[in-house]
Amino acid sequence: MDKENSDASSKPADLKVSIVCVISIQVVSVPGRLPGRRLPRKPIGKARPKKQSTKRAPFWNFQNKIILFTVFLFILAVIAWTLLWLYISKTESKDAFYFVGMFRITDVEFLPEHRQKESREFLSVARTVQQVVNLVYTTSAFSKFYKQAVVADVSSNNKGGLLVHFWIVFVMPHAKGSIFCEDCVAAILKDSIQTSIINRTSVGSLQGLAVDLDSVVLNDKGCSQYFYADHSSLRYPLEVSATSGQLMCHFKLVAIVGYLIRLTIESVQLEADSCVTDSLTIYDALLPIRSMVLYRLCEPTRALMSFVSTNNLMLVTLKSPYIRRLSGIRAYFEVIPEQKCENTVLVREITSFEGKISSPYYPSYYPPKCKCTWKFQTPLSTLGIALKFHNYAITKKGAKGCEHGWWEINEHMYCGSYMDHQTIFRVPSPLVHIQLRCSSRFSDKPLLVEYGSYNISQLTIKPACDVTHFWQPGPLVCDGFQDCENGQDEHNCTQSIPCTNKTFKCDNDICFKKQNARCDGIVDCPDGSDEDSCSCSRTSSSLHRIVGGADSQEGAWPWQVSLHFVGSAYCGASVISREWLLSAAHCFHGNRLSDPTPWTAHLGMYVQGNAKFVSPVRRIVVHEYYNSQTFDYDIALLQLSIAWPETLKQLIQPICIPPAGQKVHSGEKCWVTGWGQRHEAGNKGSPVLQQAEVELIDQTLCVSTYGIITSRMLCAGVISGKRDACKGDSGGPLSCRRKSDGKWILTGIVSWGHGCGRPNFPGVYTRVSKFVPWIHKYVPSLL
Ligand code: ARG
């Protein structure tokens, strides 16, 4: 760690404050030499001078002139030196060293008012602590460089008393920075706490404050730095890493006024726990103000990503307090000019895509307050504008606001959302006016849109699968994924054709078009080789299913989990491995719900509250394309803090994940289970685990019922409506038993529905077979 820091500090000047001052010192010499005459001696002895008997020499004689001139020169030199010194000390580049720290005051009881920064209680603690810390450092060896201490937060803690979080700032000339001993800063504070050996506790007196010595944390490990960037063509490196101890870094980045900062992250190493302990946060300010967060990273990454500030300031904080393997960041930042985001485009008559528009600062994440306008014009009134959104789609704006971009296209409003494929949007007008407003609170993923003209009259001949005016181009035919709602893209795929690298080959050398034929649950090869050895290793131990009953049998659904939020049942989930659960993204939507700390997972449970095993949740991974307006990509993975023990394997068992792209058959019977409400109008969940048998419903039928049902959703229910999931069952399993081997497959996840159990309104589930690679990305052990 220290090595890294010294490396960082020994980086060329590009890393540090770079105000270069060129000082030219002129040496002034007196012209000629002083004459060798002696000056008249001062009389010694009597105070009263003897009267001069001789005639006085004129005052303005040559000798006096020389003396006066010398005195004048001397004064001039002193003034020049003073001015020079003032100039040097003013313009000398200085480094600010920020330390973050905390300690526990043991004899003050925590009150809720302490949380409020304006409260008397907070202000009184802050004032006392600031005074004490001031006293400690102004009487230390660093008194010259000590600037101030600021109390940032006062919180409660398990050990009692108050936990006080503060910043300490030291400012020193750049040249002296290398002599600054960072460990000494912590040592000074700790050494100032006087503990008594007699009472053998770690609580001592810090200038009269009862402080627990063991609670003192004061650290920056040399990674709290202030960087001033004044060259727009340079890349300023930002690197720090450690393999043990802790990292609490604050990089303050300042660019020349009028410019912005672009931070490019090459890699980040962290413990992935949904930012509970480890995080990398980028702020659009110099202080960690929550409303100014540009982006927050909770997981390690090697993907190149960059972020742009909305001003000439940026703060990057890296928090990794318990390093187990490696924590750190490799990044660089640049000074960039502000970009205008508007354009007028004359589109040619080629009826294909001919150019691109993008979000500001593409390929960087776009900043939160952007606004772009584009005007398109085609040469003929018969040509409209086609827009191809990369991994993004726009849909008509509803009553709610837009989370990922607000679009106005020829006075119609749309909301944007991210997805895993391209979509095409057509505007049947030769003149198109588009406005994009970045509506997310944080920086958001960059957008790329291709544009071109298309023949408006062709609109009547919609592509077979263009239900909502956009479709997924590319290799969608016979890829095992039903993209068109009518399934047309997957028709006629298993007729034997000549073998190429784009065909699937059976063991008996017969080839056909379907690409994902392997283990999709359908026998395509005449010899069945596409479905050989596809079984997953887990089976349910339960053989006692009660068809049509409401209460399930104890132990019948060993993968069923109840997720409790702050102690109350809130959602369901399914066990898929020793430490991972699968649930619905909408259960974790919002600031409080996305934090894993208040959640506990209850496994091996039949009656609510009587779980065989309870574990806190360590990490929540919500699908990055989850759309809270449409419930698309409604899937989340949860990592348990404690893996369930092998000894409970009779009561807790994982359910199998379906093969990627597995097709389901309408009419197939499956089971939905959970502790949710038993009636739509009810307001409390069931104490006993409920089960209901439901039928998988034809996708086209479901689309005609609900409108937007994406290919990531599937519907299940009964025509009468009577059997369904309801509020509180979300995230729970839709379990289907595979006939071929009797294994239970997690076909769906309870997601949404119109009311509960209404006739003709089936339940909507997340289609798990669409997420197999995504699940394997986080849970490789399932492979
Ligand atoms: N969203 C609901 C929940 O939060 C589940 C709704 C399922 N509704 C239905 N009719 N199947 O628990």
Side-chain angles (χ1 to χ4, degrees), residues 398 400 550 557 560-566 568-574 581-590 592-594 598-599 601-602 605 608 620 622-623 626-636 638 664 669-687 689-699 701-703 705-710 712-736 746-768:
K400 285 202 221 157
W557 309 102
Q560 174 80 49
V561 178
S562 177
L563 294 178
H564 287 207
F565 182 73
V566 204
S568 313
Y570 195 83
C571 266
S574 306
L581 313 177
L582 205 54
S583 186
H586 79 259
C587 293
F588 313 101
H589 188 63
R592 288 192 60 204
L593 293 168
S594 60
W599 290 95
H602 296 239
M605 187 165 84
Q608 253 310 336
I620 300 172
V622 169
H623 198 285
Y626 167 63
N627 183 333
S628 63
Q629 317 243 338
T630 59
F631 279 51
D632 204 3
Y633 298 87
D634 192 11
I635 191 166
L638 272 76
V664 293
K669 303 256 195 315
C670 299
W671 291 85
V672 59
T673 46
W675 289 271
Q677 280 177 203
R678 278 187 282 185
H679 313 282
E680 186 184 325
N683 59 2
K684 56 177 175 16
S686 160
L689 180 63
Q690 302 290 298
Q691 62 180 35
E693 196 185 32
V694 285
E695 251 176 43
L696 303 188
I697 290 177
D698 176 61
Q699 192 81 351
L701 184 65
C702 200
V703 171
T705 309
Y706 279 118
I708 297 182
I709 292 288
T710 69
R712 274 81 48 193
M713 300 174 188
L714 66 83
C715 300
V718 284
I719 295 299
S720 68
K722 289 279 175 288
R723 277 175 268 144
D724 192 7
C726 199
K727 199 156 171 250
D729 292 322
S730 282
L734 175 72
S735 316
C736 304
L746 183 64
T747 300
I749 297 170
V750 179
S751 178
W752 60 281
H754 176 55
C756 302
R758 296 192 185 184
N760 300 316
F761 285 102
V764 185
Y765 296 80
T766 310
R767 194 185 282 266
V768 179

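Every heavy atom of this structure was used, including side-chain atoms; hydrogens, water molecules and symmetry mates were not. We count ligands from 1, going down the list as the structure has it; atoms in each ligand are counted the same way. On a predicted model such as this, the values are computed, not experimentally measured, just so you know.
Of all atoms in ligand 1, numbered sequentially from 1 with element shown, those under 4.0 Å from a heavy atom of G728 are 3 (C), 12 (O). For ligand 1, the atoms sitting less than 4.0 Å from at least one non-hydrogen atom of C756 are 10 (N), numbered in the order shown with element in parentheses. Remark: ligand 1 atoms within the under-4.0 Å shell around heavy atoms of G763 are 11 (N). Residue D724 has at least one heavy-atom neighbour below 4.0 Å for each of these atoms of ligand 1: 9 (C), 10 (N), 11 (N). Listed by number with element, the atoms of ligand 1 under 4.0 Å from a non-hydrogen atom of D729 are 12 (O). Ligand-side atoms of ligand 1 in range of K727: 3 (C), 12 (O), range being under 4.0 angstrom from any heavy atom.
For H586, the heavy-atom gap to ligand 1 drops under 4.0 angstrom. Residue G572 places no heavy atom under 4.0 Å from ligand 1. The closest approach between any non-hydrogen atom of G676 and ligand 1 is not below 4.0 Å. At least one heavy atom of S751 lies less than 4.0 angstrom from ligand 1.
Side chain of Q677 to backbone of G682: a donor-acceptor contact under 3.5 angstrom is found. Proximity of a side-chain donor or acceptor of R767 to a complementary backbone N or O of L714 within less than 3.5 Å is not detected. Under a 3.5 Å cut-off, the side chain of Q690 and the backbone N or O of V672 do not form any donor-acceptor pair. With hydrogens and angles disregarded, no donor-acceptor distance shorter than 3.5 Å links the side chain of D634 to the backbone of T766.
Residue V750 is tested with T673, V764, D729, D724 for a side chain to side chain contact (heavy atoms under 4.5 Å, CB included); the sole match is D729. Checking each of S730, C587, S583 against L563 for a side chain to side chain contact (heavy atoms under 4.5 Å, CB included) leaves exactly one that passes, namely S583.
Within the 4.0 Å heavy-atom criterion, neither part of C587 lies near ligand 1.
Note: no N/O pair closer than 3.5 Å links F631 and ligand 1 by distance alone.
For H754 and Y706, the distance between ring centers is not under 6.0 angstrom.
Every residue two or more places apart in sequence or in another chain that forms a ring pair (Phe, Tyr, Trp, His ring centres under 6.0 Å) with W599 is listed here: F565, Y570, F588.
Between Y626 and F631, the angle of the ring planes goes over 60°, which puts this pair in the perpendicular group of the 30/60° scheme.
For atom 9 (C) of ligand 1, the closest heavy atom belonging to the protein is A725 O, 3.3 Å. In this structure, the protein non-hydrogen atom closest to atom 1 (N) of ligand 1 is S730 OG, 2.9 Å.
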